[in-house]
Amino acid sequence: MAASAREDGARGQKQGRRGCKHYDRGCLLKAQQTCEECSTLFGEYYCSICHLFDKDKKQYHCENCGICRIGPKEDFFHCLKCNLCLAMNLQGKHKCIENVSRQNCPICLEDIHTSRVVAHVLPCGHLLHRTCYEEMLKEGYRCPLCMHSALDMTRYWRQLDDEVAQTPMPSEYQNMTVDILCNDCNGRSTVQFHILGMKCNICESYNTAQAGGCRISLDQQ
């Protein structure tokens, strides 16, 4: 068998048909979807650029991404600024960050650009794997990179308004104010301190962080 392989290799060299140096038979290797001799189908999907063989999953090759992606192609578009194929319903409706797809997912720290898991675009423009996003929502609601709300929290903020109104603070805290920074609009404001949360005076979000110490108004001491 080995002798036969060497003979084939020598014959291939004489005929100018040679593959890589690691291929003992020395034959020219031509990647294609079917065998020229017996027409055996190597893969339902074949990309002549990536030389990818796979089962049919509605794949398509994206020239801008430089790789094959699972489609169907008509359901996706390539965002040139984000440098990633995204769902058609996000076209013109997402915040772009240049080359954001080249960053790793901040949840699992795995690559996003070449991942077979669909990317989810947060309102702030950062990307997570869809599966990581769903797991994140079980624990919190903020982007792990910039702390911006990862979904529309308006309904919850109004519920929190009612809870704050129904939960008066003890008398020693009723005149206390605090400086806050809003993670959603990046605005700063001074508001009344409350244990349930401090509401941004600009965008009415409770996604805020204390930016200074508590103090009591001098005219109410």
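Sequential numbering from 1 along the given sequence is applied to the chain's residues.
- Applying the side-chain contact (heavy atoms from CB on, under 4.5 Å) test to P123 and every residue at least two apart in sequence or in another chain returns H148.
- Here the CZ atom belonging to R188 is positioned 12.0 Å from the OG1 atom belonging to T208, to the nearest 0.5 angstrom.
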Could you pull out all donor-acceptor pairs under 3.5 Å where a side-chain atom in residues 60-89 meets a protein atom, sequence neighbours excluded?
unit_1, atom_1, unit_2, atom_2, d
R69, NH1, H113, O, 3.1
R69, NH2, H113, O, 2.6
N83, ND2, N99, OD1, 3.3

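- Nearest heavy atom pair, residue Q59 against residue K57, reads OE1-N, 2.6 Å.
- The structure places CG of L127 at 7.5 Å from CD1 of I97, a figure rounded to the nearest 0.5 Å.
- Contacts of L145 classified as side-chain contact (heavy atoms from CB on, under 4.5 Å), with partners at least two apart in sequence or in another chain: Q103, P106, H126, C143.
- Qualifying salt bridge (charged side-chain N to carboxylate O under 4.0 Å, His left out) partners for R155, counting only residues two or more places apart in sequence or in other chains: none.
- Here the straight-line distance linking atom CG of L128 with atom CD of E134 works out to 11.0 Å at 0.5 Å rounding.
- Connection of I180 to L160 is established within a shared hydrophobic cluster, with ILVMFWY side chains joined at heavy-atom distances below 4.5 Å, either directly or through further cluster members.
- In this model, no donor atom of one side chain and acceptor atom of the other lie less than 3.5 Å apart for N207 and S205.
- Residues C203 and C200 share a closest heavy-atom pair of N-SG, 3.4 Å.
- The same ILVMFWY cluster, assembled from side-chain heavy atoms under 4.5 Å apart, contains both Y156 and L122.
- Atom-to-atom distance recorded for D184:CG and E204:CD is 12.0 Å, nearest 0.5 angstrom.
- In the hydrophobic clustering of this structure, L90 groups with I112; members are Ile, Leu, Val, Met, Phe, Trp, Tyr whose side-chain heavy atoms approach within less than 4.5 Å, directly or through other members.
- Between the NE2 atom of H129 and the OG atom of S115 there is a distance of 3.5 Å, given to the nearest 0.5 Å.
- Within 6.0 Å of atom CD in E139, 12 or fewer heavy atoms from other residues, nucleotides or ligands are found, so the atom counts as exposed in its surroundings.
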Sequence neighbours excluded and cut-off under 3.5 Å, please list the side-chain donor-acceptor pairs for residues 190-197, or say none.
unit_1, atom_1, unit_2, atom_2, d
T190, OG1, D179, OD1, 2.6
Q192, NE2, Q174, O, 2.8
H194, ND1, L196, N, 3.1
H194, NE2, T167, O, 2.6

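- When the side-chain contact (heavy atoms from CB on, under 4.5 Å) test is applied to L151, the partners found at least two apart in sequence or on another chain are Y133, L137, Y141, M153.
- In this structure, V164 is a member of the same hydrophobic cluster as V178, with clusters built from ILVMFWY side-chain heavy atoms closer than 4.5 Å.
- Within the model, atoms SG of C105 and CE of M136 stand 9.5 Å from one another, a figure rounded to the nearest 0.5 Å.
- Pairing each heavy atom of G125 with each of V100, the nearest pair is O-CG2, 3.8 Å.
- Contact of the S149 side chain with the W157 side chain is registered, since non-hydrogen atoms from C-beta on lie closer than 4.5 Å.
- Here the side chains of C96 and H94 are in contact, with some heavy-atom distance below 4.5 Å.
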